[in-house]
Amino acid sequence: MTSPSAFSSSTDAPSGGTPARPQAAKAADTTRDNPWPLRRLTENIKRYVDKMSPLWVEGQVVEYKVRPGATMHFLTLRDLQTDTSMTVTAWASVMDGSALSESAHVVTRVKPVFWERSGRLNLQAAEIHLQGVGDLLAQIEALRARLAAEGLFADSRKKPLPFLPRTIGLICGRGAKAKDDVVVNASERWPTARFEIREVAVQGDHCVPEVGRALLELDALRGVDVIVIARGGGAVEDLLPFSDERLVRAVAAARTPVVSAIGHEGDSPLLDLVADYRASTPTDAARRIVPDRAREREGLTQARTRMHGAVAGRLMAERSHLTLITSRPVLQDPGAIVDGHRAALERHVTGLRAAVERRLSSERQILTRARATLTALSPQATLDRGYALLKTPSGTLITSSTQIKKGDLIEGVLASGRMVAQVVGATSPAPPTDS
């Protein structure tokens with residue numbers, strides 16, 4: 001590249017054909033009567049910036065808007081101690097590997113870029129790395145994704161909190177305000193609440209092992225129905241132990257329901273996600289683990305009133321129903337229930353008798369006609385008219401003179417009585433004649 005001094009012989013020819021005035025070779029040579037054009041300054045600044053080598057800088061991200069699908073990303077980087085800030089640009093491939101968020105502390109490899117037209121100096125990032133807490137937050141985010149994939153944060157594995165625990169396990173800092181927040185507020189709600197307290201380190205290197213041991217102890221105690229882990233907020237660095245994988249897995253393995261009261265509303269350590277209930281503050285945890293005695297009494301009073309009203313209403317309805325039943329005629333006169341059947345039976349009996357009499361009368365008439373017919377056709381009727389039947393001693397009916405001879409005894413059957421006669425003579429029957 002050519003240094004700015006190489007342009008010392010440059011001249012600008014004004015319009016209208018006026019001879020060009022020699023420009024100052026160096027910035028120090030410019031005067032009121034012989035200034036540089038602004039473009040000469042920006043050109044020289046750009047040439048100087050372009051000669052700079054890529055370098056590593058650190059700072060804090062104060063503005064970063066994620067733009068899905070964009071090929072170029074923009075963020076604002078500020079110095080850690082002063083208000084100096086610059087715009088940093090980076091290709092999407094660079095940003096994809098960095099879990100950046102505002103307020104993160106980063107170290108980035110950049111190349112300064114100067115834009116002549118706007119006179120702005122930007123930084124083009126080739127690499128971006130989280131530093132300090134920012135790096136740990138990125139690791140925690142990766143751990144969060146891994147544990148979520150294992151199902152440790154699933155709602156289906158969370159245990160319900162007891163309505164009224166026999167004993168409340170409390171893990172808190174030594175002499176910490178969070179302890180009083182839980183104990184005092186819970187006791188105000190339920191004065192007979194019992195606590196099993198373990199005071200441990202709630203930040204620093206000893207936090208994870210001490211909280212883990214306290215959790216195991218309380219989880220093994222009979223009668224401890226819920227365990228509260230309370231801290232009450234703090235800086236991001238102070239809450240990092242509560243995102244430790246060992247502690248998160250210990251809470252997931254606990255048989256007793258665990259309430260997390262680590263941070264304030266904006267804090268979200270991994271312990272909040274794995275706990276069976278996440279309280280926004282220790283005071284909120286106290287409200288959640290025990291019922292409010294005054295409210296429960298009020299609820300019991302209201303329930304008793306509703307029960308009395310329901311029973312009274314039911315008795316009134318049943319009494320009205322019973323009165324309606326007893327007012328029916330069938331209960332006032334028990335015989336009325338058979339009156340209708342008796343009347344129907346009498347109608348059926350009367351009809352049956354009439355039918356029998358009609359049938360008997362009809363059959364009597366038929367019998368009379370049959371008797372008259374039988375009488376008219378019987379031999380007795382013939383005998384009644386003066387005729388007689390003659391029979392041989394053997395009982396054979398005599399119908400021809402050839403059946404008897406002179407001197408035979410015969411029997412005569414009359415209309416009334418019988419007689420015996422002797423044949424004194426008989427004539428032969430006349431021979432048949434041809435018609």
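Because the structure is predicted, anything quoted here is derived from the model rather than measured. Quick note: numbers below take in every heavy atom, side chains included, and nothing from hydrogens, waters or symmetry partners. Numbers here are sequence positions counted from 1.
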Enquirer: Output yes when a side-chain donor or acceptor of Lys158 lies under 3.5 Å from a complementary backbone atom of Tyr277, and no otherwise.
Expert: no
Enquirer: If you count heavy atoms of other groups shown closer than 6.0 angstrom to CZ of Arg222, is the number above 12?
Expert: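 12 or below, so no.
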Enquirer: Salt bridge (Lys or Arg N to Asp or Glu O under 4.0 Å) with Asp225: which of Arg194, Arg166, Arg255?
Expert: Arg166
Enquirer: Do Arg146 and Leu143 have side chains that get closer than 4.5 Å, going by heavy atoms?
Expert: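 The answer is yes, as the side chains (C-beta and beyond) meet within the 4.5 Å cut-off.
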Enquirer: Would a 4.5 Å heavy-atom cut-off, applied to side chains only, mark Val183 and Ile197 as touching?
Expert: yes
Enquirer: Is there a donor-acceptor pair closer than 3.5 Å between any side-chain N or O of Ser327 and the backbone N or O of Leu324?
Expert: yes
Enquirer: Taking Arg371's backbone N and O only, do any of them form a donor-acceptor pair with Thr375's side chain (distance below 3.5 Å, no angle check)?
Expert: yes
Enquirer: Answer yes or no: is there a donor N or O on one side and an acceptor on the other, between the side chain of Arg157 and the main chain of Val274, under 3.5 Å?
Expert: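 Flag set: sc Arg157 to bb Val274 pair under 3.5 Å.
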Enquirer: Side chains of His129 and Glu127: is there a donor and an acceptor less than 3.5 Å apart?
Expert: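 On atom types as modelled, these side chains qualify, holding a pair under 3.5 Å.
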Enquirer: For Arg297, look at atom CZ and say whether over 12 heavy atoms of other residues, nucleotides or ligands are found less than 6.0 Å away.
Expert: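 For Arg297, atom CZ is not crowded (no more than 12 foreign heavy atoms under 6.0 Å).
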Enquirer: For the CD atom of Glu357 and the OG atom of Ser362, what is their distance to the nearest 0.5 Å?
Expert: 13.5 Å
Enquirer: Any cation-pi pair here, Arg231 with Phe242, using under 6.0 Å and within 45°?
Expert: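 So Arg231 doesn't make the cation-pi contact.
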Enquirer: Inspect the contact between Arg144 and Glu141 and indicate whether a charged nitrogen and a carboxylate oxygen are less than 4.0 angstrom apart.
Expert: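 Salt bridge: yes.
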Enquirer: I'd like to know if the side chain of Asn34 reaches the main chain of Thr30, judged simply by a donor and an acceptor atom lying under 3.5 Å from each other, with no hydrogens or angles considered.
Expert: no
Enquirer: Using a 4.5 Å cut-off on heavy atoms from C-beta on, say whether the side chain of Gln60 contacts that of His105.
Expert: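 They are not in contact (no side-chain heavy atoms under 4.5 Å apart), so the answer is no.
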Enquirer: Show your reasoning for whether salt bridge (Lys or Arg N to Asp or Glu O under 4.0 Å) applies to Arg359 and Glu363.
Expert: CA-CA 6 Å; Arg359 182 63 180 269; Glu363 294 299 330; 3.1 Å; yes
Enquirer: Residues two or more places apart in sequence or in another chain: which of them pass side-chain hydrogen bond (donor to acceptor under 3.5 Å, both in side chains) with Thr167?
Expert: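 Partners of Thr167 under the side-chain hydrogen bond (donor to acceptor under 3.5 Å, both in side chains) test: none.
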Enquirer: Between Ser394 and Thr396, does any side-chain donor sit less than 3.5 Å from a side-chain acceptor?
Expert: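 On atom types as modelled, these side chains qualify, holding a pair under 3.5 Å.
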Enquirer: Which pair of heavy atoms, one from His73 and one from Tyr64, lies closest together, and at what distance?
Expert: ND1-OH, 3.8 Å
Enquirer: If we ignore hydrogens and angles and just use 3.5 Å, is the side chain of Arg109 paired with the main-chain N or O of Pro54 as donor and acceptor?
Expert: no
Enquirer: Between Arg314 and Glu318, does the salt bridge (Lys or Arg N to Asp or Glu O under 4.0 Å) criterion hold? Intermediate values first, please.
Expert: CA-CA 6 Å; Arg314 180 63 180 272; Glu318 294 299 331; 3.0 Å; yes
Enquirer: Please lay out, stage by stage, how Lys46 and Asp50 fare under the test salt bridge (Lys or Arg N to Asp or Glu O under 4.0 Å).
Expert: CA-CA 6 Å; Lys46 177 174 176 55; Asp50 287 345; 3.5 Å; yes
Enquirer: Could you tell me whether the side chain of Ile227 reaches within less than 4.5 Å of the side chain of Val224, counting heavy atoms only?
Expert: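 A side-chain contact under 4.5 Å exists here.
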Enquirer: Check each of Leu121, Asn122, Leu77 against Met86 using the side-chain contact (heavy atoms from CB on, under 4.5 Å) test, and report the only one that passes.
Expert: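 Exactly one option meets the side-chain contact (heavy atoms from CB on, under 4.5 Å) with Met86, and it is Leu121.
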Enquirer: If I compare all heavy atoms of Leu152 with all of Arg249, which pair ends up nearest, and what's the gap?
Expert: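 Looking at all heavy atoms of both residues, the closest pair is CD2-NH1, 4.1 Å.
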Enquirer: Between Thr350 and Arg347 (side chain of the first, backbone of the second, donor and acceptor by atom type, cut-off under 3.5 Å), is there such a pair?
Expert: no
Enquirer: What's the shortest heavy-atom distance between Ala125 and Val94, and which atoms?
Expert: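 Closest heavy-atom pair between Ala125 and Val94: O-CG2, 4.2 Å.
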Enquirer: Check for a donor-acceptor pair, side chain of Lys111 on one end and backbone N or O of Met52 on the other, with a separation under 3.5 Å.
Expert: yes
Enquirer: Would you say that Pro241 contacts Leu247 through its side chain, given a criterion of any heavy-atom pair below 4.5 Å between the two side chains?
Expert: no
Enquirer: Decide yes or no for Val182 and Phe195: does some side-chain heavy atom of the first lie under 4.5 Å from some side-chain heavy atom of the second?
Expert: yes
Enquirer: Could you tell me whether the side chain of Asp219 and the main chain of Leu215 form a donor-acceptor pair under 3.5 Å?
Expert: no
Enquirer: Rounded to the nearest 0.5 Å, what separates atom CG in Leu270 from atom CG in Leu147?
Expert: 6.5 Å
Enquirer: Could you state the interatomic distance from CD (Glu58) to OG1 (Thr108), rounded to the nearest 0.5 Å?
Expert: 11.5 Å
Enquirer: Applying side-chain hydrogen bond (donor to acceptor under 3.5 Å, both in side chains), name anything that partners Ser187, two or more places apart in sequence or on another chain.
Expert: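 Scan of Ser187 (side-chain hydrogen bond (donor to acceptor under 3.5 Å, both in side chains), adjacent residues dropped) gives none.
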Enquirer: Can a donor-acceptor pair be found, under 3.5 Å and without considering hydrogens, that links the side chain of Glu210 to the backbone of Ala201?
Expert: yes
Enquirer: Is a salt bridge present between Lys159 and Asp276, judged by a nitrogen-to-oxygen distance below 4.0 Å?
Expert: yes
Enquirer: Would a 4.5 Å heavy-atom cut-off, applied to side chains only, mark Leu170 and Lys179 as touching?
Expert: yes
Enquirer: Between Val290 and Ile168, is any pair of side-chain heavy atoms under 4.5 Å apart?
Expert: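 In contact.
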Enquirer: Hey, are Arg39 and Glu116 close enough for a salt bridge, meaning a charged N less than 4.0 Å from a carboxylate O?
Expert: no
Enquirer: Over all heavy atoms of both residues, which pair between Asp33 and Pro35 is shortest? Give the atoms and the distance, please.
Expert: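 For Asp33 versus Pro35, the nearest heavy atoms are C-CD, 3.5 Å.
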